[in-house]
There are 4 protein chains.
Amino acid sequence: MRSRFEGSVPGSANSRTFIETARRQQLIDAAVATVNELGYHRASLAEIAKRARIAKSAVVYYFSAKEALLLELVETVFAALDEQVVAAVDGVSEPAARLQAYADAYLAHVDVHRQAVAAAVEIAVSHRTAEGTPLYLVADDADTALLRSILRAGMDEGTFRSMPIEVATGLTESVLDHAITLVQRHPGADLGELRAQVVPYLLRALRAQDD
Amino acid sequence: MRSRFEGSVPGSANSRTFIETARRQQLIDAAVATVNELGYHRASLAEIAKRARIAKSAVVYYFSAKEALLLELVETVFAALDEQVVAAVDGVSEPAARLQAYADAYLAHVDVHRQAVAAAVEIAVSHRTAEGTPLYLVADDADTALLRSILRAGMDEGTFRSMPIEVATGLTESVLDHAITLVQRHPGADLGELRAQVVPYLLRALRAQDD
Amino acid sequence: MRSRFEGSVPGSANSRTFIETARRQQLIDAAVATVNELGYHRASLAEIAKRARIAKSAVVYYFSAKEALLLELVETVFAALDEQVVAAVDGVSEPAARLQAYADAYLAHVDVHRQAVAAAVEIAVSHRTAEGTPLYLVADDADTALLRSILRAGMDEGTFRSMPIEVATGLTESVLDHAITLVQRHPGADLGELRAQVVPYLLRALRAQDD
Amino acid sequence: MRSRFEGSVPGSANSRTFIETARRQQLIDAAVATVNELGYHRASLAEIAKRARIAKSAVVYYFSAKEALLLELVETVFAALDEQVVAAVDGVSEPAARLQAYADAYLAHVDVHRQAVAAAVEIAVSHRTAEGTPLYLVADDADTALLRSILRAGMDEGTFRSMPIEVATGLTESVLDHAITLVQRHPGADLGELRAQVVPYLLRALRAQDD
DNA sequence: TATGAATGAGTATTCATTCAT
DNA sequence: TATGAATGAATACTCATTCAT
């Protein structure tokens, strides 16, 4: 919807120059660092700009507003997480195996991109739009849908214990998100043990057989 | 264990008059309402004072600073939760039964005091001191210790599967905290199904027998 | 619609303290001076506050926003002008005499309150609401209605020449507003000659007899 | 008589290339559109450039500054108005006829070039130099001189009533400028009635005979 | 000839806090 | 015990201008 002629405000994604793309990434990185260091609440334009070694107004030059920068950060991070997870379950058909692939990919991504994920989650949890509504829905939906479909398939098949799908999905997400909580609280934490335990933990919690 | 931030005006805890105690509670209630309505970010002194039908400066009179009010809120809420949970497990000796008592009490408290718990958690997650450090440690510790001891006892006994105690504790907490996430996102949510499912879910995930 | 409990923001008009009323007037005076000196465009909160020898934030303390201050200025000025004019025509029944009373009162008010009127008109002409619409309607309507009714009565009666009422009203207003233009351009101008000439000028332009 | 603000880049008026002249006109047109659409206050370089489908910095390339563009706009518009009016009265010798020619030409020009005139007047009224002085003198003088000379001649001759020349000139201008006010407030207004009424209105107001 | 990049000064507004009463 | 008054620092954002290319 944007015209090429809107002053010097950078254009749409497909018309980005090299330097613009680089600057936008640099600013997203700076925002990640700022949010992790100071928290969402104190992550002001000034602090982000300082970390990017750039003027405050340059941030607004590349992103039309602080909100746009943070939202792009969130979107980027969750899109990457989603992509990795979707790729991991692709081609796997057994529900239990799919859940395992899903969880492994999810935790691996959180482990490797912990700073970005920690910042994105802090923003998603803290940010409210101008009208006051939080962001809970913006980024998580595709992700949730996939997980829900895996669990539903497992229940239908009899591999997973029958239980309300929302409860099963929510608890599974909570278990996986523990990795995020962990890296938020201890940025250098070793997730090895957690990654080793989570899938069996989930499978035991969900499986149907005996008892 | 009172926080360092509590403020010395108008008097120490043991010298509080009746009216002062009432005012402090009134302000904490107002803060809960404000945080739930507007979010931590927009929960200003002015908004809190408005809901308490009191002047902004009176808030500072009873609590030395906004931060002291919020921290007392957090402490109060987690102390009450802790108290209920401790009372529930008291006298129960079998680890599995203790876990069940713990979880049931925890979820019941969250269910009944959802507004207060939701606000306290939002503050605990969002607030940072002037130096930028988060609050993760202030309130949760006693709680975590009890849960950890239950799990450790269960593992020692052979009821619970052997696994790194931090992982087991963290995952259990994450599962329980799903209830909080739920009421934060949907203040009117019915926790019945969740409360019915969580204990069996945890026991399956943790139990030692077969496989 | 305002509650008594909205932080320390001053309450509704009937609950104003002495000091508050004084401050509001002082700020309106400062705004008049600023607009006349620098123009609407450069009349920033900082400049207004400087002239009132008060902090910028105090302006916002008494008026919730810059716009509210300027709009109150405009309203106050036009209400006073309107009141004077209405009082002047009250009890006069002949259209020509009513027009004379109207014009004399109008010009006298502009003459005496030239700074305030000049500022109010500059604001009314320059200000746009957030949506971009100007203020043309906010203040002038009651005034215009009275003038229109006088002219219509004169035409019905045969004293004034028949012509489209909007044209007659608009031209008469333009003639009267010349006094405002004059004091805007030359703040110290002597309006004596103009005031002596305007009524006969208007009556000649409007009267029905001969030709 | 070119303004001091015109800027020396890229060349003086007599050395302008064809493309440069075209660009300058294009930018003036864009400025007219912008001022009419958004008002002087929000007519930023970025908005003007957007409407000219050109980069912001190109505006500064052709005009040394935003101010130079706006001032040239004002000058251009009033020069054209002046030219039309001068041509209309040229060869007419009777003061009343000259006034009629003057007024008709003035109103016709305003009617036909209403966008440009509305924008120029809004700028002339709103703009202040860095020191805070308005533009009232920049464009209007030649115009006023002609009108004044017509009225003076009419008074000397006895056709127009004797009155202070500044008053007569000012009132006449105010009457004529009502057309501008009208098109500013209602860009699509039909000026037919007004144009039909103004000249007789003025002649009645000014004429000497009877009383 | 024209532009994208970048900036510094300025804008209105928010807000926790101080203080005299 | 409680408050209204006042403020300074911080906030996101705007904008004319500069400059290398």
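All chains are named by letter (A, B, ...) in the order of the sequence lines, taking the proteins before the strands, and each is independently numbered beginning at 1.
Legend: residues meeting side chain to side chain contact (heavy atoms under 4.5 Å, CB included) with A:A65, ordered by chain and number and at least two apart, are absent. Legend: residues meeting side chain to side chain contact (heavy atoms under 4.5 Å, CB included) with C:A33, ordered by chain and number and at least two apart, are C:R51. Judged as a side chain to side chain donor-acceptor pair (under 3.5 Å), and not counting sequence neighbours, the contacts of A:T133 are A:T129. With sequence neighbours excluded, the residues that form a side chain to side chain contact (heavy atoms under 4.5 Å, CB included) with D:N36 are D:V32, D:Q115, D:A118, D:A119. Listed by chain and residue number, C:E122 satisfy the side chain to side chain donor-acceptor pair (under 3.5 Å) test with D:R128 (two or more places apart in sequence, or in another chain). Under the side chain to side chain donor-acceptor pair (under 3.5 Å) criterion, C:T21 pairs with no residue, sequence neighbours left out. Considering only residues two or more places apart in sequence or on other chains, C:S44 meets the side chain to side chain contact (heavy atoms under 4.5 Å, CB included) condition with C:A46, C:E47.
Each salt bridge (charged side-chain N to carboxylate O under 4.0 Å, His left out) pair with one or both residues in residues 52-68 of chain A, not counting sequence neighbours, would appear here, but there are none. Residue pairs meeting the ring pair (Phe, Tyr, Trp, His ring centres under 6.0 Å) criterion with at least one member in residues 17-38 of chain C, sequence neighbours excluded, do not occur.
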Sub-3.5 Å pairs of nitrogen or oxygen atoms, protein against nucleotides 18-21 of chain F:
none

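Heavy-atom nearest nucleotides on DNA chain E were determined for C:E67 and for A:T17, and the one closer to the 5' end corresponds to A:T17. Sequence order on DNA chain F of the closest nucleotides to A:A43 and B:A58 puts B:A58 first from the 5' end. Positionally, the nearest nucleotide of DNA chain F for C:V59 lies more toward the 5' end than for the other of A:A46 and C:V59. The 5' end of DNA chain E is approached more closely, in terms of each residue's nearest nucleotide, by D:I19 than by the other of B:L45 and D:I19.
Per the geometry, NE2 belonging to D:H127 stands 13 Å off C1' belonging to F:dA16, to the nearest Å. Distance A:F18 CZ to E:dA5 C1': 15 Å, rounded to the nearest Å. Atom CG of D:L70 is separated from atom P of F:dC15 by 14 Å (rounded to the nearest Å). Rounded to whole Å, atom P of E:dT1 lies 14 Å from atom CG of D:L27. Between the CZ atom of A:F63 and the P atom of F:dA12 there is a distance of 15 Å, rounded to whole Å. Atom CZ in D:R24 sits about 12 Å away from atom P in E:dT1, given to the nearest Å. In this structure, C:Y61 atom OH and E:dA12 atom C1' are separated by 19 Å, rounded to whole Å. If you measure from atom CZ of B:R53 to atom P of F:dT3, you get 13 Å, rounded to the nearest angstrom.
Here E:dT13 is the nucleotide among F:dT7, E:dT13, E:dT3 with the atom lying nearest to any side-chain atom of C:A65. Comparing E:dT1, F:dT3, E:dT13 by their nearest atom to the side chain of B:I54 picks out F:dT3. For A:S44, taking side-chain heavy atoms from C-beta onward, the closest of the listed nucleotides F:dA12, E:dA12, E:dG8 is F:dA12.
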Problem set entry | Per-nucleotide pairing state of DNA chain E [Watson-Crick or G-U, under 3.5 Å; [ ] pseudoknot-crossing; | other strand] | .||||||||||||||||||||

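Residues C:A49 and C:V59 approach most closely at CB-CG2, 3.9 Å, considering heavy atoms. A pairwise comparison of heavy atoms in A:A30 and A:I48 identifies CB-O, 3.7 Å as the closest pair.
Between the side chain of B:Q26 and the backbone N or O of B:A52 there is at least one donor-acceptor pair closer than 3.5 Å.
Among the heavy atoms of the strands lying under 4.0 Å from A:A55 are primed sugar atoms or P, OP1, OP2 only; no base atom is included.
The stretch residues 33-42 of chain B has no heavy atom under 4.0 Å from DNA chain F, so no residue of it qualifies as close.
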